[in-house]
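Below is one structure, written out as C-alpha cells, with a few remarks after it.
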Amino acid sequence: MSCLSCLSWRRASPVLALAVAAACLPDNPLPSDTAGSSEPTSGETGVTTGGAAAGLFGCSGGPCTLVLVSQTLDDRIDVFDVSSAKPVLRGRIALDLKPDASGLQTSGNLLDEPYDLVLTDSDLLVAIGHYPDSDSGSLLRFPRAAFAEQGPGEVFATDRYFNFGVFSSGVEALAHERQEGIFLLPHPSGRVLIGVFANNLQVTQWTAPSELLIVDPLDLAAGVASVDLGVMPKPCVGAWALQALDPAVSKVALACDGSESVAVLSLPDDFGTAPLAEAAQGVTGCGLNLGGDGWSTQFVSGDGAGGFLAVQSQLVEPPRLWHVSADCSPSGVPSSDVPEALQQVRLLRQPVLLRPAAGPTAPLWLVAAGPTDNGVVIVRGGGSPTMCGALTGLEALAADNSPWALALDGDRTHLAIGAGPASNPQLAAGRGQVLWATLDPSGFDSCQVHASEAVDLGAGLFAASDPDTWMRAPNVVVVAELGGGS
C-alpha cells in the first residue's frame, strides 16, 4: 500500500549545516506538455458557493456552513453541517471504487485515497490518488445535482454512480495517470491546478521531479496540460499542497519535500483564457533551497501580503520556520527562540493564516502540531517567524489523536481540525476526530487564542463493525459557506 495518509516521518537526523540558495526563472517558461484523457467519462479559508436548496449541499434560507472531510484511508467523504449550535452529519459519499468489504483498504491496490476537494457552484471535484491503480490517479467531477435527493445522514453509495469501471449519474473521471496527483487549487477562471507528488511514498528517497497539471473541470475530455517542475534552476521534487499567494491566484507557492526546497510559480495573465497548452507554456517559476538533511519540508501558507510561511520539521529538534517572498528570497534565517511551553513540539503539519499581515501588524498562523506534543500552535510572522503560543480550549481532542488538517471559515472566527492516530493510522480502530471550534480573537496581539465551544463532529457516530463510520485519517478538511437556494 502507498498513501500520503500513511506517510511516516522517516527522516529524523539533526541538521549540521544550513545552505540557502535561491534560483529564479522569471523570464523563461517552464517546459510543458498537453495530454488528452485516456478515460474521458477543486484554500485555506471558507469558500462561498451557491447551489440548490435541497440535498447534501442544499441550503434553504441560508447562509449555511459545511465542513467537508476526506477520510483518506477509508475511501469516503463526510459532510457536516455546522450552521447551528448543534452540528449534524449531513451525509457521506462512498468512494470505494476498488471494493474492499472489510473496509481496511490495506491489501494490494484496494485503497483509492480521496484527497483534496474543491466545491464550486455546480460541482464537487475530488482528487483520487489511487484510481485506477496505486501509481495512477484521477480527478472526479460530481455534479452537485447528483446529491439533491440524498437524505440527512445517508451514504451516497458507490453503486449509485459507478459500476465496473463505468461512471454514471453525471459523474465524470479524468484519469491523468500521475502518481499521487492529489493536491488541488481552483483558479478564479474555473480552471483547476493539480499538484503531482510524483513519487512512491513507501521509499525513503524521492527523486522524481514533480508536475503541475492544468485542467478545465467542465471539459475533462480535453485532458490536462503539464508543467515540468524539474527543470527550474532549483528543481522541485516531492511537491505538496498548492497555496495561492494572492486572490487572483497569479502566484502559487508549494513545498518540495524531496528537494528540501520551496517554489513559487507565476501564472500568465491569460491563464484563464488561453488554450491549456499555451497557459502551461506561460508558467514561470523560482525556487529556494532551505537545506537541512533530515528535515521534512511539506507545508507553506501565504501571509496575506504576497509572501509566505514555510515549515520544516523533524523528530530531534524544534521546527524551523521561514518567511519567504514571492521572488523566493528568504527574509531571514529561522529563529532558535522557542517558548519553554513549546520546547517539546517537533512535527508541524498544515498551517492556516489566522491574521493577515497589515502594515506593521505581523501575520499570525495556526499550525497543526503532531508528536511529541499534539495540538495547534500559534506562529507569529516576521523576518524569522516564531512559535509564540498554543491554541487553548481543545479538551475535546483525544489524547491519542494528532491534528493534521486545519481550515478556517471566511471571517477566520471558526476552525475545523482533522485529527487522527499519530502513527500507523492504517492499523488503528478508526476513532479519529473532526473538531469545530469558535475562536476568541481578543488575545491575538499577545499571541493568545482560545477555542470556545470546541465540538467533536463525529461524537457518537463510530461503530467498530461499520467501516462507513471509521475515521483513521481525516487529513483534508474544507469549510464551505453556502448561500440560500431560491
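At distances below 3.5 Å, at least one donor-acceptor pair connects side-chain atoms of S384 with backbone N or O atoms of V333. Side-chain N or O atoms of R76 include none that pairs as donor or acceptor with a backbone N or O of L95 at under 3.5 Å. Panel note: side chain R178, backbone H176; a donor-acceptor pair is recorded below 3.5 Å. At distances below 3.5 Å, not a single donor-acceptor pair connects side-chain atoms of D303 with backbone N or O atoms of P363. Not one N or O on the side chain of R144 forms a donor-acceptor pair closer than 3.5 Å with the backbone of L56. Looking at D75, its side chain never comes within 3.5 Å of a backbone N or O of D96 through a donor-acceptor pair. Of the possible donor and acceptor atoms, one in the side chain of D112 sits under 3.5 Å from a partner among the backbone N and O of K98. Side-chain atoms of K251 never come within 3.5 Å of backbone atoms of G306 as a donor-acceptor pair (strictly under, hydrogens ignored). Although no hydrogens or angles enter the test, the distance criterion places a donor-acceptor pair under 3.5 Å between the side chain of S259 and the main chain of P235. A donor-acceptor contact shorter than 3.5 Å is absent between the side chain of S210 and the backbone of V237.
How far CD1 of I77 is from CD1 of I93: 4.5 Å, rounded to the nearest 0.5 Å. Put simply, CD on E180 and CG on L201 are 5.0 Å apart, with the number rounded to the nearest 0.5 Å. Interatomic distance, OG of S122 versus CZ of F57, reported as 12.0 Å (0.5 Å rounding). How far SG of C286 is from CG of L265: 8.0 Å, rounded to the nearest 0.5 Å. Rounding to the nearest 0.5 Å places CG of L366 at 8.5 Å from CD1 of I417. A distance of 6.5 Å separates CG in L439 from CG in L354, rounded to the nearest 0.5 Å.
Aromatic rings from F299 and W240 are positioned such that their centres are separated by under 6.0 Å. Ring centroids of F183 and F197 are separated by 6.0 Å or more, keeping the two rings apart. Separation of the F162 and Y131 ring centroids falls under the 6.0 Å cut-off. Annotation: H187 is in aromatic contact with F271 [ring centroid separation under 6.0 Å].
For L117 against L184, the heavy-atom pair with the smallest separation is N-CD1, 4.4 Å. Summarising the geometry of P474 relative to V434, their closest heavy-atom pair is CB-CG2, 4.1 Å, with the distance given to 0.1 Å. When all heavy atoms are compared, the tightest approach of C64 to S83 is CA-OG, 3.2 Å. Considering every non-hydrogen atom in both V82 and P87, the closest pair reads CG1-CB, 4.0 Å. Contact record, L110 with Q105: O-OE1, 3.1 Å, taken as the closest heavy-atom pair. The two residues L220 and L174 have their closest heavy-atom pair at O-CD1, 3.6 Å.
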Run the side chain to side chain contact (heavy atoms under 4.5 Å, CB included) test on C236 and L254 for me, step by step, so that the C-alpha distance in whole Å, both residues' side-chain angles and the decisive distance to 0.1 Å come before the verdict.
CA-CA 9 Å; C236 178; L254 60 160; 3.9 Å; yes
Tell me, with the steps shown, if S226 and E211 meet side chain to side chain donor-acceptor pair (under 3.5 Å).
CA-CA 7 Å; S226 170; E211 277 185 277; 2.3 Å; yes
Evaluate the criterion salt bridge (Lys or Arg N to Asp or Glu O under 4.0 Å) for residue pair R90 and D81; output intermediate values, then yes/no.
CA-CA 6 Å; R90 274 279 186 107; D81 189 333; 3.0 Å; yes
Using the rule given for side chain to side chain contact (heavy atoms under 4.5 Å, CB included), can you reason through N200 versus Q179, listing the C-alpha separation, both sets of side-chain angles and the distance that settles it, and then say yes or no?
CA-CA 8 Å; N200 182 351; Q179 188 170 25; 3.8 Å; yes
Step-by-step side chain to side chain contact (heavy atoms under 4.5 Å, CB included) determination, L139 to I128:
CA-CA 6 Å; L139 177 69; I128 304 292; over 6 Å; no
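For the pair P319 and M387, the minimum side-chain heavy-atom distance is below 4.5 Å. Two residues are said to be in side-chain contact when any heavy atoms from C-beta on lie closer than 4.5 Å; L111 and T72 fail this criterion. When side chains are defined from C-beta on, L140 does not count as touching E172, because their heavy atoms never get closer than 4.5 Å. Within the 4.5 Å cutoff, side-chain heavy atoms of L415 are placed close to those of L406. Between F80 and V88 the shortest side-chain heavy-atom distance does not fall below 4.5 Å. Between P268 and V283, the closest side-chain pair of non-hydrogen atoms falls below 4.5 Å. Side-chain atoms of R412 and L353, non-hydrogen and from C-beta on, do get closer than 4.5 Å to each other. Side-chain contact check for L218 versus D123: some heavy-atom pair is nearer than 4.5 Å.
Applying the 6.0 Å contact sphere to CD of E149 captures no more than 12 heavy atoms from other residues, nucleotides or ligands. Heavy-atom contacts from other residues, nucleotides or ligands closer than 6.0 Å to CG of D411 number more than 12.
When only modelled atom types and interatomic distance are considered, D78 and Q71 share a side-chain donor-acceptor pair under 3.5 Å. Between the side chains of Q312 and T297, at least one donor N or O lies within less than 3.5 Å of an accepting N or O. Side-chain contact, S402 with R349: a donor N or O sits under 3.5 Å from an acceptor N or O. Between the side chains of S261 and K234, no donor-acceptor pair is found at a separation under 3.5 Å. Counting only N and O atoms by type, the side chains of Q298 and D257 include a donor and acceptor under 3.5 Å apart. A donor atom on one side chain and an acceptor atom on the other are not found under 3.5 Å apart for E177 and S136.
Under the side chain to side chain contact (heavy atoms under 4.5 Å, CB included) test applied with L242, the options D116, L212, I194 reduce to a single match, L212.
Of the charged side-chain nitrogens involved, at least one lies within less than 4.0 Å of a carboxylate oxygen, so that D74 and R472 count as a salt-bridged pair.
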